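The structure appears right after this line, and notes come after that.
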Amino acid sequence: MTAAGNPAFNAAARPLGGGRRLPLTWLGVVPFFIYVGIFLLLPTTIIVAGSLVGPDGSISLSNFDGINRPFMFKSFVNSIEISTISAVLGAIFGALLAYAVATGDPKGFLRRSVMSAAGVVAQFGGVTLTFAFVATIGTEGIVYLWLQQHGIEMYPNGVWFFDLPGLTLIYLYFQIPLMVLVFIPALDGIRPQWREATESLGGSGWHYWRYVAGPLLFPSFLGCTLLLFANAFSAYATAAALLTQGGVILPLQVQALLTSETGSSSPGLAKALALAMVAVVLVVMSLYALLQRRTSQWLR
Amino acid sequence: MGTITRAAATGVEVRLEHLRRVFAGVVALDELSLTLAPGELVALLGPSGCGKTTALRLVAGLDEVTSGKVLFGGTDVTTLGANRRDVGMVFQAYSLFPHMTARQNVAFGLQMRRVDEQERKRRADAMLELVGLSGFADRYAHQLSGGQQQRVALARALAIQPKVLLLDEPLSALDAKVRGRLRDEIRRVQLEVGITTLFVTHDQEEALAIADRVGVMNKGRLEQLGPPTTIYTRPATPFVAEFVGLTNRIEGDVKGGEVIVRGTRLPLVRPDTPDGQAVALVRPEAVSLGSDGDAGGDAGGGPLVGTVIAVAFLGATSRVTVDLGDVIVLAQMPTSQASAHPAGSRVRLTLRPDPVLIARDETAAAEA
Ligand SMILES: Nc1ncnc2c1ncn2[C@@H]1O[C@H](COP(=O)(O)OP(=O)(O)OP(=O)(O)O)[C@@H](O)[C@H]1O
Ligand SMILES: [Mg+2]
């Protein structure tokens, strides 16, 4: 700290000569940094700054008082719940699919097709995805109607599709392929020698999973689950298109607070809420990075 | 340490009987029969794809035979799973469990055998000492060099006191210097423990240096099995002659059980070779050099006169490359002799009348 604060030291360590020495390769990443600056750092700064400014323009924490209200708390719980459920289910099914792919022929049809499909589907989301689901299994959807014509009622105990369970189902549509994409590298890092070594040392298949493959894959599995959590936690458009009721999950709550439709626009509170979301995602992603670093040492 | 490792000194006879393995129509291993005496180290040597790994995996139980038998100490183990065969296996590379320390790796087999923790640790440490890694017990694989990792792998394989030790190119991922040292180290440990060992390699120098007997394989078949000196000096087939050691290919004329190579009559390993044009395989050691003009009257340039184009210093010996005009010939001799023929000098070649083989493409063509 003291060294950094010393101008003489700084000048010596880093000659400020108008960037004469700046390598050309840096030029290539400049657009990326500008992009990140405008669309990630700037909004985050605005959120942080805005959440700390009270209605009277002074710096205060008064915006955070509003978070304590029950309906806020409810959307927080809903968000955590749907993110957790869709992450865990997505991780389990995605890992199983990834395992099937990773143990197959590395140049085979299964792998090539699953990987490219996953690459596309994992990016699919928002209004189009919701529409696709509504058009198939919504109460006007073709599958729903077709089943109804054949005497089968899809929602005998009430339509859950337009509520959180439906949202979870839609989220799984991109969570599972995302899991395949992020978990495959860990599976590929598992070497066949380890299984054979286990066998020749007297171990069974169970021993292999219990002592070798399990411990090796678990940190990565956990890390990928966290990534899926963050993915669901911050998803907005998909939910906005499906749920008619506002403010059910956090991103929708933020939206509700920003638009004055309800007659009670409170941008300060919206920013405070957004900051809380950023904090959650930051914590989750830090854990993810930590777990990934640990695994990468093993599964190169 | 001694007592523990000696306890493992229970070399058993290992017998492979007519082992055959076919993968979807491809014959990877064809009728391999081989008996390893208790405590013997046999190296299987051959080019890539000749079935060495396949043979090893069949002995380990990691793969199933198409037909044939594997016997350890007279007991048929052919249908026994790998985890019940008591086989120690060392792979080419990256076989250590990366999330375990060296000690945990070595103790793993004992853990599978429900040896209690104290005893596990004691035996693992003794094994690490045996391979010269006492101070490395708490390191992870990524904190060890390639050579050290292979030592740990060897310790791990031996810790379970297996009946047989199998090594599949354990040195091929290492650089040359480490390779030579670790090769000798493996041999020392193997002799100390007295375990019957099958060592697979495609490196002929390695095979000749480490093994009691070398089996040379080609296309799934065992071409020749014998002590290193026999394999080198008396190759049974042209394939062995060409695969083991350097060989000159010189054209000659087969006539009456001899081959005449540029005026020199050389006996044939197989006197029944049909007469006609052929390529003789001549070891560099069988070629000696004299200054051009030494050999009596015909100094005008006989058929075996050429120019030295390179001299490779190998230590005690040197290898001289001679251009005869239409063919390049290698000659190997003590360095003191080679120094008399620097690059550029004219030399006369003399071929020692050792029995020679005829190159296989000619014989193959004759057979076909
Ligand atoms: N699982 C398998 N499926 C199909 N073919 C195989 C399989 N394993 C080996 N082969 C084939 O069997 C033959 C022998 O293979 P093997 O691995 O035993 O050779 P190798 O002598 O160990 O060669 P290298 O020196 O390259 O390791 C090869 O032609 C190989 O393609
Ligand atoms: Mg092999």
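This structure is a prediction, so every number in the text was calculated from the model and none was measured. The chains referred to below are lettered A, B, ... by the order of the sequence lines, with proteins before strands, and numbering in each begins at 1.
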With a 4.5 Å cut-off on heavy-atom pairs, point out which of A:Arg191, A:Arg195, A:Arg294 contacts chain B the most.
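Among the listed options, the one with the most contacts to chain B is A:Arg191.
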
Can you see which heavy atom on [X] is nearest to which on [Y], and at what distance?
{"X": "A:Trp194", "Y": "B:Leu96", "result": "NE1-O, 3.0 Å"}
{"X": "A:Tyr211", "Y": "B:Met100", "result": "O-CE, 3.6 Å"}
{"X": "A:Gln193", "Y": "B:Ser95", "result": "CB-CB, 4.0 Å"}
{"X": "B:Phe97", "Y": "A:Ala197", "result": "CZ-CB, 4.1 Å"}
{"X": "A:Glu199", "Y": "B:Leu62", "result": "OE1-CD2, 3.9 Å"}
{"X": "B:Asn83", "Y": "A:Ser204", "result": "ND2-CA, 3.8 Å"}

Roughly how far, to the nearest 0.5 Å, is OG of A:Ser200 from CE of B:Met112?
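If we round to the nearest 0.5 Å, B:Met112:CE and A:Ser200:OG are 11.5 Å apart.
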
Just verifying a value: how many Å separate A:Leu201 CG and B:Arg113 CZ, rounded to the nearest 0.5 Å?
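If I round to the nearest 0.5 Å, the distance is 7.0 Å.
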
At a 4.5 Å cut-off on heavy atoms, which part of [X] comes close to chain A: side chain, backbone, both, or neither?
{"X": "B:Tyr94", "result": "both"}
{"X": "B:Arg156", "result": "both"}
{"X": "B:Ala93", "result": "backbone"}

[X] atom [atom1], over 12 foreign heavy atoms within 6.0 Å:
{"X": "A:Phe218", "atom1": "CZ", "result": "no"}
{"X": "B:Gln143", "atom1": "CD", "result": "yes"}
{"X": "B:Arg188", "atom1": "CZ", "result": "yes"}
{"X": "B:Phe136", "atom1": "CZ", "result": "yes"}

Given B:Gln111 and A:His207, is the side-chain contact (heavy atoms from CB on, under 4.5 Å) satisfied, shown in steps?
CA-CA 10 Å; B:Gln111 190 182 349; A:His207 287 131; over 6 Å; no

Residue among B:His142, B:Arg57, B:Arg84 with most heavy-atom pairs under 4.5 Å to chain A
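Heavy-atom pairs under 4.5 Å are most numerous for B:His142.
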
